[in-house]
There are 2 protein chains.
Amino acid sequence: MPEYPPFAVTADLVVFTIRDGELCVLVICRGEEPFAGSWALPGGFVRPGENLDEAAERELIEETSLGGAVAHLEQLGSYGGPDRDPRMRVVTVAYLALVPELPVPVAGGDASDASWRPVRELKPDSLAFDHARILADGLDRARAKLEYSPLAAAFCQPEFTVADLRRVYEIVWDTELDPRNFHRKVTSVPGFLEPTGGTTAGERGRPALLFRRGEATLLHPAMLRPVR
Amino acid sequence: MPEYPPFAVTADLVVFTIRDGELCVLVICRGEEPFAGSWALPGGFVRPGENLDEAAERELIEETSLGGAVAHLEQLGSYGGPDRDPRMRVVTVAYLALVPELPVPVAGGDASDASWRPVRELKPDSLAFDHARILADGLDRARAKLEYSPLAAAFCQPEFTVADLRRVYEIVWDTELDPRNFHRKVTSVPGFLEPTGGTTAGERGRPALLFRRGEATLLHPAMLRPVR
DNA sequence: ATAATAGTGTCTCTTAGACAATATTTC
DNA sequence: GAAATATTGTCTAAGAGACACTATTAT
């Protein structure tokens with residue numbers, strides 16, 4: 001076997017959630033150079049016995065105490081320019097995770113300085129390394145997948161209303177959707193939503209039916225994203 | 001900086017083309033263990049000064065003498081299980097390339113044993129490493145992207161007819177499309193096709209208008225893949 | 001009763017799919 | 001002219017978008 005250039009391989013996470021009506025991403029504040037004081041995406045080295053998905057799920061659990069079974073976790077892409085980290089040659093395999101709003105702020109792995117930041121308030125040059133690009137790619141991916149997949153439910157609690165789901169679309173797409181047409185759409189696609197039988201109560205207006213995610217893995221025909 | 005486990009990083013290619021009415025993929029025959037005698041996807045180590053895209057394009061040029069400007073080249077995903085190569089820990093960043101039918105068989109880099117094989121004839125266990133999975137993922141990606149992108153033209157010569165383009169869809173999707181509805185669809189989406197003014201000649205039937213790829217980067221509304 | 005939110009029905013327009021009809025070439 | 005392929009047109013049905021209307025709760 002010929003000689004090969006050695007790389008470090010990390011798994012970095014773009015973890016989205018919705019808090020206070022805003023799309024937020026999990027970031028940690030870097031304590032060391034390079035980029036000390038900047039925000040960075042959480043992540044870490046892939047360990048010798050792990051495959052890439054396992055490394056990403058381990059990081060996700062460490063940071064949020066939520067595993068891929070609760071959240072949604074998928075590979076986003078790899079980033080490996082020669083100068084992205086001045087210390088060594090490193091390739092990052094980025095993952096996209098969508099999680100519901102967490103009851104506790106953020107669990108404490110070794111990164112107790114992790115926090116949720118609204119995506120719209122994160123300036124690109126406040127992020128370390130090439131993490132602004134990774135974040136942008138993750139946002140594009142999440143927006144696109146809402147169109148043709150039942151993924152929006154990953155942002156919701158296990159039981160949710162049609163309005164909850166609509167708000168996810170509106171926040172991620174930064175748009176407004178007609179509640180009536182949206183309702184007709186999501187309830188007419190077979191297997192997309194499954195009624196639990198329960199209803200909400202104690203809020204203003206007519207109580208809403210509760211649903212959970214159905215079996216469908218694809219939303220067909222797709223939900224159309226309004227032109228803006 | 002703490003110690004990190006060293007990886008080898010390779011860029012592997014899923015290169016599709018259409019030959020003799022069949023979807024074909026570029027494979028090389030392995031001469032050494034492991035998997036001596038098996039087919040494998042072309043690829044190689046990412047070099048110290050290269051980013052991932054550059055490595056993929058270099059490999060593509062070495063194997064086909066076509067660059068990403070002529071063909072289409074995009075990152076597919078990364079594969080890095082701990083046991084995928086018995087010799088060392090290696091992460092492969094896989095790329096998907098779509099190229100037109102080449103005038104010469106396959107150019108001679110160091111891999112003169114490269115050849116085009118019909119995808120349908122490649123048995124999964126005839127491929128080395130986890131390349132059967134990478135190939136399957138590449139096929140899924142290519143099929144999906146034909147729906148909403150102008151990518152089918154990447155399989156065609158610079159100038160092509162509507163029927164040429166339709167045959168790409170039919171071959172990649174392994175389906176039949178109505179020539180009249182297809183014609184109406186692709187010619188009605190603005191920016192998808194650009195007439196060159198020329199026509200075909202010397203074939204049977206009415207000569208067809210020639211087109212080249214238009215400026216559009218998205219096909220909207222999408223081309224619907226028939227249910228089978 | 002009023003306000004607020006949930007859910008249903010109706011109309012119109014676009015577009016996909018089926019397929020008839022016409023156009024232009026080779027043999 | 002016959003056969004083959006290209007291109008246009010016509011009809012129908014499904015679905016999206018606009019929006020009136022009904023339903024059920026809290027105050």
Side-chain angles (χ1 to χ4, degrees), chain A residues 21 146-148 152 156 159-171 173 175-212 216 218-228, chain B residues 21 146-148 152 156 159-171 173 175-212 216 218-228:
Chain A
L146 290 201
E147 296 187 18
Y148 58 89
C156 299
E159 298 198 355
F160 54 88
T161 68
V162 172
D164 291 335
L165 195 66
R166 176 169 49 83
R167 273 173 219 118
V168 170
Y169 276 89
E170 292 181 332
I171 291 166
W173 282 353
T175 188
E176 292 200 355
L177 299 174
D178 184 282
R180 300 157 292 184
N181 291 336
F182 183 87
H183 191 285
R184 172 162 46 85
K185 174 72 183 176
V186 296
T187 54
S188 70
V189 174
F192 191 59
L193 293 182
E194 200 173 277
T196 68
T199 59
T200 58
E203 298 172 35
R204 227 166 16 189
R206 171 176 171 176
L209 297 176
L210 286 170
F211 296 86
R212 68 173 67 90
L218 231 59
L219 178 54
H220 184 80
M223 180 94 58
L224 294 185
R225 180 160 24 163
V227 291
R228 307 194 65 232
Chain B
L146 290 201
E147 295 187 19
Y148 58 89
C156 298
E159 299 198 354
F160 53 88
T161 68
V162 171
D164 291 335
L165 194 67
R166 175 169 50 84
R167 273 173 219 120
V168 170
Y169 276 90
E170 293 181 330
I171 290 166
W173 283 353
T175 187
E176 291 199 355
L177 298 174
D178 184 283
R180 299 158 292 185
N181 291 336
F182 183 87
H183 191 284
R184 171 161 48 85
K185 175 73 182 173
V186 295
T187 53
S188 70
V189 174
F192 190 60
L193 293 182
E194 200 173 276
T196 69
T199 59
T200 57
E203 299 171 34
R204 223 167 17 190
R206 173 175 170 176
L209 296 177
L210 286 170
F211 295 86
R212 68 172 68 91
L218 230 61
L219 178 54
H220 184 80
M223 179 93 57
L224 294 183
R225 180 161 23 164
V227 293
R228 308 195 64 230

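Reckoned from all heavy atoms, side chains included, excluding hydrogens, waters and symmetry mates. All chains are named by letter (A, B, ...) in the order of the sequence lines, taking the proteins before the strands, and each is independently numbered beginning at 1.
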| field | Which residues share a salt bridge (Lys or Arg N to Asp or Glu O under 4.0 Å) with B:E203, sequence neighbours left out | value |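 Here no residue qualifies.
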| Under the salt bridge (Lys or Arg N to Asp or Glu O under 4.0 Å) test, which residues partner B:E194, sequence neighbours left out? |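 If we apply the salt bridge (Lys or Arg N to Asp or Glu O under 4.0 Å) test to B:E194, skipping adjacent residues, the hits are B:R212.
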| task | Please tell me if the side chains of B:P226 and B:E176 come closer than 4.5 Å, counting only heavy atoms from C-beta onward. | result |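 No, side chains not in contact.
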| For A:R225, side-chain hydrogen bond (donor to acceptor under 3.5 Å, both in side chains) partners two or more places apart |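 With sequence neighbours excluded, A:R225 shows a side-chain hydrogen bond (donor to acceptor under 3.5 Å, both in side chains) to A:E147, given in chain and number order.
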| field | Those residues that, when tested against A:R184, pass side-chain hydrogen bond (donor to acceptor under 3.5 Å, both in side chains) (two or more places apart) | value |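 Listed in chain order: A:N181.
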| For C:dA16, does either OP1 or OP2 sit under 4.0 Å from a side-chain N or O belonging to B:K185? |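 Yes, within the criterion.
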| field | Side-chain N,O (A:H183) to OP1/OP2 (C:dT8) below 4.0 Å | value |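 True: A:H183 side-chain N/O within range (under 4.0 Å) of C:dT8 OP1/OP2.
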| Sequence-distant partners of A:A208, side chain to side chain contact (heavy atoms under 4.5 Å, CB included), two or more places apart |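 So A:A208 forms a side chain to side chain contact (heavy atoms under 4.5 Å, CB included) with A:T161, A:T200.
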| field | Partners passing side chain to side chain contact (heavy atoms under 4.5 Å, CB included) against A:V162 (at least two apart in sequence or in another chain) | value |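 Partners of A:V162 under the side chain to side chain contact (heavy atoms under 4.5 Å, CB included) test: A:F182, A:H183, A:V186, A:T187, A:L193, A:F211.
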| query | Atom CH2 of B:W173 and atom CE of B:M223: how far apart are they, to the nearest 0.5 Å? | reply |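 Reported to 0.5 Å precision, the distance equals 6.0 Å.
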| Inter-residue atom distance A:E159.CD - A:T196.OG1, 0.5 Å rounding |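 These two atoms lie 4.0 Å from each other.
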| message | Strictly under 4.0 angstrom, non-hydrogen atoms only: write out the protein contact profile of nucleotides 17-27 of chain C, one letter per nucleotide from the 5' end, B, S or -. | response | BBBB--BBBS-
| task | Give the first and the last nucleotide of DNA chain D, reading 5' to 3', that has any atom under 4.0 Å from a heavy atom of chain B. | result |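 Answer, 5' to 3': D:dA4 to D:dT8.
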| task | Please name the pair of heavy atoms, one in A:P190 and one in A:A216, separated by the smallest distance, quoted to 0.1 Å. | result |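 Reported closest heavy-atom pair: O-CB, 4.0 Å.
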| Axis-to-axis angle between the two ends of the helix from C:dA1-D:dT27 to C:dC27-D:dG1 (five base pairs per end, rounded to 10 degrees) |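 Rounded to the nearest 10 degrees, the bend comes out at 10°.
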